[in-house]
Structures are given as C-alpha cells and as structure tokens.
Amino acid sequence: TAPGYAPSLRSRLPLVAFLLETIFILLFVFFVKIEQPEQIDREYDSKLFISSYAEFQDIHVMIFMGFGFLAIFLLRYGFSGSGFNVLLAAMAIQWAVLMNEIHISMKSMIEAELCAASALVAMGAVHGKTNPVQLLLMALVEVTGFVVNQWILFFSADPVYSIMLLHVFGALFGVMVSWVLYREGIEPVHEKEKTDRKTGLFAMFGTLFLWMFWPSFNSALVRDHKWERGLKLTVIYGTYLSLAVSVVMAMSVSMLTSAKGKMNMVYVQSSALSGGVAIGVAMTAVHTPWIAMTIGFCASLLSALGFRYMKNHMLFAFECHDTCSVLNVHAVPGILGWFALLFLRLASDESTIAVQFAVYHICVLLITACMSLVMGTATGPTTLIHIWRPQQDRKCFDDQAFWEVKGFVHLHHFKYVTTP
C-alpha cells in the first residue's frame, strides 16, 4: 500500500538549491560584472535609462505577480502555484543572466526575465504534477535550450523576433515533458484538479497584471532611438488593441461554447492574453491598428476553442495532460503570429526579398520547434529518476505534499496549532 504521506524532499530540495546557488555565485565572481557608469553615459541618455527601468519593473511585476497569481487557480494548489513560481523564476533569471551577458545591464536583465517567462510557460504544462526539485531541473534545461536557440538564430533572425518565440518554445517544451511524465492516475480528470470562486478570483488578479503590462513585455527590447521611436510606439498601441479584442472574444466564445450558456473564468483568464502572445511575434510588421485587432481576434478565437475542445483530445489521443493548456494559450497564438508576420512581409516586400525572407522565416520556426521538442522529450526521463522522489498520483494538485497547510504556525512561540 502507498504511504500515508508524500515523500519528504528535505534531503533533496535544500541540497540541490544550495549546490546551484553556490555554483552560480562562483560563476558570477569570475564571469559577470555590472555595467560601468561611463559605459551607460556613453551608450544611453538618462531618459532612455529611466524608460528601460520602467519597462523592467513592468516585466518584473508580470513574472512574479502576474504568473504567480495566475498559477493559484487550482483549489488545493495555491501555496505551490505561487511559491514554486517565485522559486522557479528566481533561479531561471540567475541562470539566464549567466548565459546571456558578461556585463549586467538593464537590457540583459530584461532578457533574463523574458527567458524566465519561457520557463514559467513550460511549467504550466506540468502544473501540479511535479515537485520543486523536478521544476528546478526542468527550468535550467529549458532556459539553456532557449538561449542556445537564440544563439543559433542570431545570424539569421532579428534578436527581438527570436526572443519573442519564447511562447512557442516554452509551450512545446512543457508539453513534451508532460507527455513523458504522463500519469494514468489522473485520467480523465483528477479529483483535485478543480477550482473555486476564491482561487478563481485570485487567478483573475494575475490575468489583470499580465494584461495591463503586456505592452511593456512586447516593446521592452525594441530599441528606443530617435529613428526607431515610431516602431516602439506602434508595438505598444498594437499590443493594447490586440489584447482589448482578445478579452471581448474570450468571453464571447466561452459563453457560446458552454452547454449552460455561461462564461468559464478559467477559459477567459487564459484566452484573454492570447492576443498579446500573437502580436508579440508579429509586432515588427504590424503598422496599422486593424491588423493588430484582427490578429487579436483570431488568436483569442483559436485559443478559446482550443481550450474548450483540444485539451481533452490531447489527453485521450496522445496521452498528454496539459494542466494550464499552454499549447492553446501560448503555442497556437505564437504560431498564428508567425504566420501573420510571414504574410505581412510577403505582401510588402519585393518578390526576391520575399522569397528569401520566407525561407529563413520557415527555418526559424522549424529550428525553434525542433529544439524545444527534442529538449523537452530528453528532459522528461531525467525528472523521472527516483532520486528526485516524484509525486504520487493521489498527491498531485495538492499543497499538502510540500507545505504546512493543516492549521497554522504560531509566529511568536513557533508552536504548531491545529485548527478544529
């Protein structure tokens, strides 16, 4: 018979965390320096620095508050959803800084946070089915793969465009890990995989944080020189309009596809953001409002329909349990944005240039997809090793496996008190 309690991670998580942080600190000692003030004065004016810091703050809020609140939608997984989000993001940012830049600057910190966002997207596919040690290992591999993918694309793709493929890379990576970690014990629906009004409300706060700051997320790496300032403003306006259309469509499709004719909060929370994902990939070619709104319309429509129907089909047809449906929320809108960018560039360029762009544009997606699928498939078996003490089926989607949840801890006397 199975033990009454989930396996303790006391001998696993602290050891892994201490080891990783020690390695990171040593690597920072020898390889990472803070950008010198004279370099800042020479390369950026004060207004640009202030603008970059404001965008960094916006993305920081998205990573830790937006994704953090959004992850607590499950009834009995609030502590783990928010807590593991902070743990994973903090570790991923440190590793991304090490891999991206020798000198820390505002730009490198923003890039590190975007890499962490890709890891958090991947975590959504295995949400509730992994322990924190598995998530840390998964995040390190995902960030490594994503940065290496950027290095490969460096000579053929715009850096801003390649990093915005984070949604496609993270979603496909997470889905493949989830496919390898498939559990028959959670089919078709785990008894703890449910939400309620309180957790749904807090998750909606996360959606609102993400929704409000997504224009900064998309435009942060668009350089704000005088000759490019128009592009940065266009990206901000286009992202906002695309998100606005997404909200309306998400609520409409949710009600339309419901058997009771009512809106589903979980579907709305995720699909309302799909317009920001899609326009982020296509933003450099979107110069008119109606195109941005059309992209948001199509992205939200596909995301909402996929959330309603594709998630269950993925489970039964491919034995892939995607908890947060990241395939529909991030991968499908991201690929839609890829198609939009392709069509817009083909329509605006000359025939010879258009053909060249189409070839390398297709190669960019193929390289990104192959890299994420292969690394996700390879990461899954690594996290299944018994030494990491994987969760039992009946302890999935439950804080009790990792947190003190029965009663409360007296803060002054450190005495554990049990509630009646």
Side-chain angles (χ1 to χ4, degrees), residues 35 40 43-63 66 96 100-101 104-118 146-147 149-151 153-169 210-244 246 273 275-289 291-293 295-296 299 330 333-334 336-338 340-342 344-345 348-349 357 360-361 364 368:
E35 190 177 51
I40 296 176
E43 296 179 7
Y44 307 105
D45 58 20
S46 59
K47 292 183 179 179
L48 177 59
F49 178 80
I50 293 173
S51 174
S52 298
Y53 182 65
E55 290 168 337
F56 168 75
Q57 287 180 310
D58 291 348
I59 298 175
H60 204 58
V61 170
M62 290 179 67
I63 298 299
N100 275 321
E101 296 285 348
I104 295 181
S105 63
M106 199 58 62
K107 176 176 176 291
S108 68
M109 292 301 297
I110 291 174
E111 289 178 345
E113 299 235 316
L114 294 178
C115 292
S118 183
F146 182 63
V147 174
N149 185 70
Q150 286 183 265
W151 292 346
L153 301 178
F154 178 78
F155 298 102
S156 60
D158 181 1
V160 176
Y161 163 57
S162 64
I163 200 170
M164 278 303 148
L165 289 172
L166 66 92
H167 306 283
V168 177
F169 189 96
L210 293 171
W211 195 92
M212 289 189 298
F213 294 119
W214 209 288
S216 296
F217 188 86
N218 282 349
S219 65
L221 293 180
V222 178
R223 301 190 68 181
D224 197 14
H225 293 304
K226 292 181 180 179
W227 56 87
E228 290 186 350
R229 191 160 297 162
L231 176 59
K232 193 177 188 73
L233 290 175
T234 300
V235 170
I236 293 173
Y237 300 151
T239 302
Y240 179 78
L241 291 173
S242 182
L243 286 167
S246 292
L273 303 172
V277 174
I279 197 69
V281 179
M283 60 186 180
T284 55
V286 178
H287 303 295
T288 55
I291 294 179
M293 297 172 72
I295 291 175
H330 294 274
L336 174 67
W338 177 89
L341 178 60
L342 176 62
L344 291 172
R345 288 293 299 270
S348 61
D349 291 339
F357 174 80
Y360 104 80
H361 190 61
V364 166
T368 301

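Rounding to the nearest 0.5 angstrom, the gap separating the CD atom in Q57 from the OG atom in S52 is 11.5 Å. The distance from the CG atom of L243 to the CG atom of L210 is 10.0 Å, given to the nearest 0.5 Å. Note that CE of M109 and NE2 of H60 are 7.5 Å apart. Values are rounded to the nearest 0.5 Å. For the atom pair I110 CD1 and I59 CD1, the distance stands at 5.0 Å (nearest 0.5 Å). Note that CG of L114 is 9.5 Å distant from CG of N100, once rounded to the nearest 0.5 Å. Atom CE of M164 and atom OG1 of T284 lie 11.0 Å apart (nearest 0.5 Å).
Partners of E111 according to the salt bridge (charged side-chain N to carboxylate O under 4.0 Å, His left out) rule, which considers only residues two or more places apart in sequence or in another chain, are K107. A search for side-chain contact (heavy atoms from CB on, under 4.5 Å) contacts involving A299 returns S274, A278, P333, L336, not counting sequence neighbours. Annotation: side-chain hydrogen bond (donor to acceptor under 3.5 Å, both in side chains) contacts of S219 (sequence neighbours excluded): none. By the side-chain hydrogen bond (donor to acceptor under 3.5 Å, both in side chains) test, S118 pairs with E142, sequence neighbours left out. For E55, the side-chain hydrogen bond (donor to acceptor under 3.5 Å, both in side chains) partners are K232, not counting sequence neighbours. Shown here are the side-chain contact (heavy atoms from CB on, under 4.5 Å) partners of L241, two or more places apart in sequence or in another chain: P289, M293. Residues passing the side-chain contact (heavy atoms from CB on, under 4.5 Å) test with D58, sequence neighbours excluded: F213, S216. Contacts of L342 classified as side-chain contact (heavy atoms from CB on, under 4.5 Å), with partners at least two apart in sequence or in another chain: W338, L346, F357, A358, H361. Legend: residues meeting side-chain hydrogen bond (donor to acceptor under 3.5 Å, both in side chains) with N218, ordered by chain and number and at least two apart, are W214, T239.
Shortest non-hydrogen contact noted between I63 and A117 is CD1-CB, 3.6 Å. Scanning both residues, S242 and G276, for their nearest heavy atoms gives OG-N, 4.3 Å. When all heavy atoms of A292 and G238 are compared, the pair lying nearest together is CB-O, 3.5 Å. When all heavy atoms are compared, the tightest approach of I295 to A340 is CD1-CB, 3.8 Å. Scanning both residues, A285 and L341, for their nearest heavy atoms gives CB-CD1, 3.3 Å.
Using a 4.5 Å heavy-atom cutoff, the side chains of V286 and T234 are not in contact.
Heavy atoms from other residues, nucleotides or ligands lying under 6.0 Å from CZ of F56 number more than 12.
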Exercise for review: Assess whether side-chain contact (heavy atoms from CB on, under 4.5 Å) is satisfied between M212 and V61, documenting all intermediate values.
Suggested key: CA-CA 10 Å; M212 289 189 298; V61 170; over 6 Å; no
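Note: H330 and H167 have parallel aromatic rings, judged against thresholds of 30 and 60 degrees for the angle between ring planes.
The six-membered or imidazole ring of F146 lies away from that of W151, with a centre-to-centre distance of 6.0 Å or more.
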